[in-house]
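Data first, discussion second: the structure below is written as structure tokens.
A quick note: this is a predicted structure, and the numbers were derived from the prediction, not measured.
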Amino acid sequence: MSRIFTMSFASVYPLYLAKVERKGRTKAELDAVIEWLTGFDEGELQHHLDAETTFEEFFADARLNPAVSLITGVVCGVRVEEIEDPLMQKIRYLDKLVDELAKGKALEKVLRA
């Protein structure tokens, strides 16, 4: 089991936020990306942050967007569509979306609209 599975989502969220803000993006855009992927609303997302749920618990509660299969590409040298562990793949989907947002991709494209 990967160490990331037991890390709290709340401990990584500020890193995601710092990454996107460095590139001129906003917390609202980051939250929109996370909510699109997970199916959480603003209150549910805040609950997970406050409760410091692990990535495992976070994604166990998530209702993944049906368009998640449209997320393709490489994160950390690995193609996200080829990751075999379902939880690791969900985490890498999130990483990929955050990367795209930070790289300046239009929010509509990041959300596969």
For residues [X] and [Y], determine if any side-chain heavy atom of one lies less than 4.5 Å from a side-chain heavy atom of the other.
{"X": "E81", "Y": "Y93", "value": "no"}
{"X": "V80", "Y": "V74", "value": "no"}
{"X": "V98", "Y": "L94", "value": "yes"}
{"X": "E56", "Y": "L87", "value": "yes"}
{"X": "D61", "Y": "H48", "value": "yes"}
{"X": "L45", "Y": "F9", "value": "yes"}
{"X": "V78", "Y": "E82", "value": "no"}

In short, salt bridge (Lys or Arg N to Asp or Glu O under 4.0 Å) pairs touching residues 9-18 with sequence neighbours left out are none
How far apart are the closest heavy atoms of [X] and [Y], and which atoms are they?
{"X": "A106", "Y": "R25", "result": "C-NH2, 4.4 Å"}
{"X": "A67", "Y": "W36", "result": "CB-CZ2, 3.8 Å"}
{"X": "M88", "Y": "S2", "result": "CE-OG, 3.5 Å"}
{"X": "K90", "Y": "F59", "result": "O-CZ, 3.6 Å"}

Distance, nearest 0.5 Å, that separates [atom1] of [X] from [atom2] of [Y]:
{"X": "L101", "Y": "L111", "atom1": "CG", "atom2": "CG", "value": "8.5 Å"}
{"X": "Y16", "Y": "D31", "atom1": "OH", "atom2": "CG", "value": "13.0 Å"}
{"X": "C76", "Y": "I83", "atom1": "SG", "atom2": "CD1", "value": "8.5 Å"}
{"X": "T53", "Y": "F58", "atom1": "OG1", "atom2": "CZ", "value": "6.5 Å"}
{"X": "D95", "Y": "I4", "atom1": "CG", "atom2": "CD1", "value": "7.0 Å"}
{"X": "E44", "Y": "T38", "atom1": "CD", "atom2": "OG1", "value": "7.5 Å"}

For Q46, is the CD atom crowded, meaning more than 12 foreign heavy atoms sit under 6.0 Å from it?
yes
Do any pairs count as a side-chain hydrogen bond (donor to acceptor under 3.5 Å, both in side chains) and have a residue in residues 103-113, sequence neighbours left out, and if so which ones?
E100-R112
Restricting to pairs with a member in residues 65-74, which pass side-chain hydrogen bond (donor to acceptor under 3.5 Å, both in side chains), not counting sequence neighbours?
none
Under a 3.5 Å distance rule, please check whether E57 uses its side chain to pair with a backbone N or O of T54 as donor and acceptor.
yes
Is the backbone N or O of A18 less than 3.5 Å from a side-chain atom of E21, with the two atoms forming a donor-acceptor pair by type?
no
Chi angles and distances behind the salt bridge (charged side-chain N to carboxylate O under 4.0 Å, His left out) call for K96, D99
CA-CA 5 Å; K96 181 68 178 164; D99 283 353; over 6 Å; no
Residues F5, F55; criterion ring pair (Phe, Tyr, Trp, His ring centres under 6.0 Å); working and verdict
CA-CA 5 Å; F5 296 175; F55 270 99; 8.8 Å; no
Is there a donor-acceptor contact under 3.5 Å linking the side chains of Q89 and D85?
no
Before giving the answer on side chain to side chain contact (heavy atoms under 4.5 Å, CB included), spell out for L30 and I34 the whole-Å C-alpha distance, their side-chain angles and the decisive distance to 0.1 Å.
CA-CA 6 Å; L30 174 61; I34 295 168; 3.9 Å; yes
